[in-house]
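Note that the structure is a prediction, hence the values are computed from the model and not measured. Here is how names work: the chains are called A, B, and so on, in the same order as the sequence lines, proteins then strands, and each is numbered from 1.
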Number of protein chains: 2
Amino acid sequence: MLAKSTEYAIRALVYVQLKNWEGKRPGVVEIAREIEAPEAFSAKILQTLTRHQLLDSAKGRGGGFFFNDEQTELSLYKIIHVMEGDGCFHRCGFGLKSCNNNNPCPLHDQYKVVRDSFYDIVRKESIQSLSEKIKKGEAVLKRSIT
Amino acid sequence: MLAKSTEYAIRALVYVQLKNWEGKRPGVVEIAREIEAPEAFSAKILQTLTRHQLLDSAKGRGGGFFFNDEQTELSLYKIIHVMEGDGCFHRCGFGLKSCNNNNPCPLHDQYKVVRDSFYDIVRKESIQSLSEKIKKGEAVLKRSIT
DNA sequence: TCATAAAAGGACCCTGCTATCCTTTTATAA
DNA sequence: TTATAAAAGGATAGCAGGGTCCTTTTATGA
Ligand code: FES
Ligand code: FES
């Protein structure tokens, strides 16, 4: 499972992408409201993302957050890496100090499959691909109904 | 990923099973040493497990931890459930308040597969099945080499 | 019967993740 | 050129998970 801050980060970036496609640059207050995350915390997270250049921002009047047009697809993996590191893709599911094919724990064979599948997902999926689905109405950014 | 306390719990129970098969009832100090976990913390975890009757214990001289002979297989799921709840098998990977097939988040289809695979593993694997692998030398309880 | 070995239990501490608040910097529109 | 809108940044609070310590209870074998 991803850390809460990582989930907020991904949802925030998806929202920014959707607004950018409409030619808009949302600010912290709007983003926090739309992804249902605390405002001040969202600000911190967006700051982290821009500091690591996964996102651009403009200060002052008319400012906000946006993706540089030059920018290629932004994979979920990159976001996870910046927000919480990539330990979860390497660690042993049984809690041993490291995961090792040649000296496996009793969960290794099965756990590795699951861990690698998740890794594949976050390498392949991106802010753009997720946003597409939402734009097409195939998925939602927040729950209308419970 | 499992909580650290859950990992300790699983490793501790596997060690107890292995010793039980040798006709022995290990105590906290020995268990903690063998699973490479802090002693006092291991005691707390073993206490939780016996309180929930996943494990039996005997106080006083010659006491220690053991599985009741009547007892059937103990699935990893039961342990996870007692140690940290089963939220991780239901939660939305994208951070929405709930996971819902009819109102999916953009990760749902792919995330669900991974989450369900992990669920299947912990339902099928048990302390006994993991211990078997170690007994047969197919897997290890701790790392000899890095 | 009593010294001792062992688990049970309660109180507490520490760290890292989550979250808030307030000040500073920057850009722009009026 | 100045008032204002906005992000950046620093300091700090809150809290849960991880971890420790000490006391109490219980059983046993010497
Ligand atoms: S050794 Fe445990 S998951 Fe690889
Ligand atoms: S709705 Fe997000 S994982 Fe199911």
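Comparing B:Gly60 and A:Ala43, the nucleotide of DNA chain D nearest to each residue sits closer to the 5' end for A:Ala43. Position along DNA chain C of the nearest nucleotide to A:Lys4 versus B:Pro26 favours B:Pro26 as the more 5'-ward residue. Residues A:Lys59 and B:Ala3 each lie close to DNA chain D; by heavy-atom proximity, the contact nearer the 5' end of the strand is made by A:Lys59.
Remark: A:Leu2 CG to A:Ile80 CD1 distance equals 4.5 Å, nearest 0.5 Å. The CZ atom of A:Arg143 lies 9.5 Å from the NZ atom of B:Lys97; values are rounded to the nearest 0.5 Å. To the nearest 0.5 Å, the span separating NZ on B:Lys142 from CZ on A:Phe94 amounts to 12.5 Å.
In this structure, A:Leu46 places its CG atom 14 Å from C1' of C:dA19, rounding to the nearest Å. Atom-to-atom, CZ of B:Arg61 to P of C:dA3 comes out at 12 Å; the value is rounded to the nearest Å. A:Leu55 places its CG atom 13 Å from the C1' atom of D:dA8, with the value rounded to the nearest Å. Distance CD (B:Glu7) to C1' (D:dG17): 13 Å, rounded to an integer number of Å. In this entry the distance linking CD of A:Gln47 with P of C:dT18 reads 16 Å, nearest Å. Atom CD1 of B:Ile31 and atom C1' of C:dA5 are 15 Å apart (whole Å). We find that CZ of B:Arg25 is positioned 12 Å from C1' of D:dA27, with the value rounded to whole Å. Between A:Glu30 atom CD and D:dA6 atom P there is a gap of 10 Å when expressed in whole angstrom units.
Side-chain proximity of B:Ala40 to the nucleotides D:dT20, D:dG18, C:dA8 is greatest for D:dT20.
Checking the phosphate oxygens (OP1, OP2) of C:dA7, no side-chain nitrogen or oxygen of B:Thr50 falls inside 4.0 Å. Here B:Ser57 does not reach the OP1 or OP2 of C:dA7: none of its side-chain N or O atoms lies under 4.0 Å away. When the side-chain nitrogen and oxygen atoms of A:Tyr8 are compared with OP1 and OP2 of C:dT18, none of them lie within a distance under 4.0 Å.
Looking at B:Lys44, its side chain comes within 3.5 Å of the base of C:dG10 through a donor and an acceptor atom.
Note on A:Glu22 versus A:Lys19: salt bridge recorded, some NZ/NE/NH1/NH2 to OD/OE distance being below 4.0 Å. Between B:Lys78 and B:Glu73, none of the side-chain N atoms (NZ, or NE/NH1/NH2) sits under 4.0 Å from a carboxylate O, so this pair counts as no salt bridge.
As judged by a 4.0 angstrom heavy-atom cut-off over every strand, A:Val28 is placed among residues touching the sugar-phosphate backbone only.
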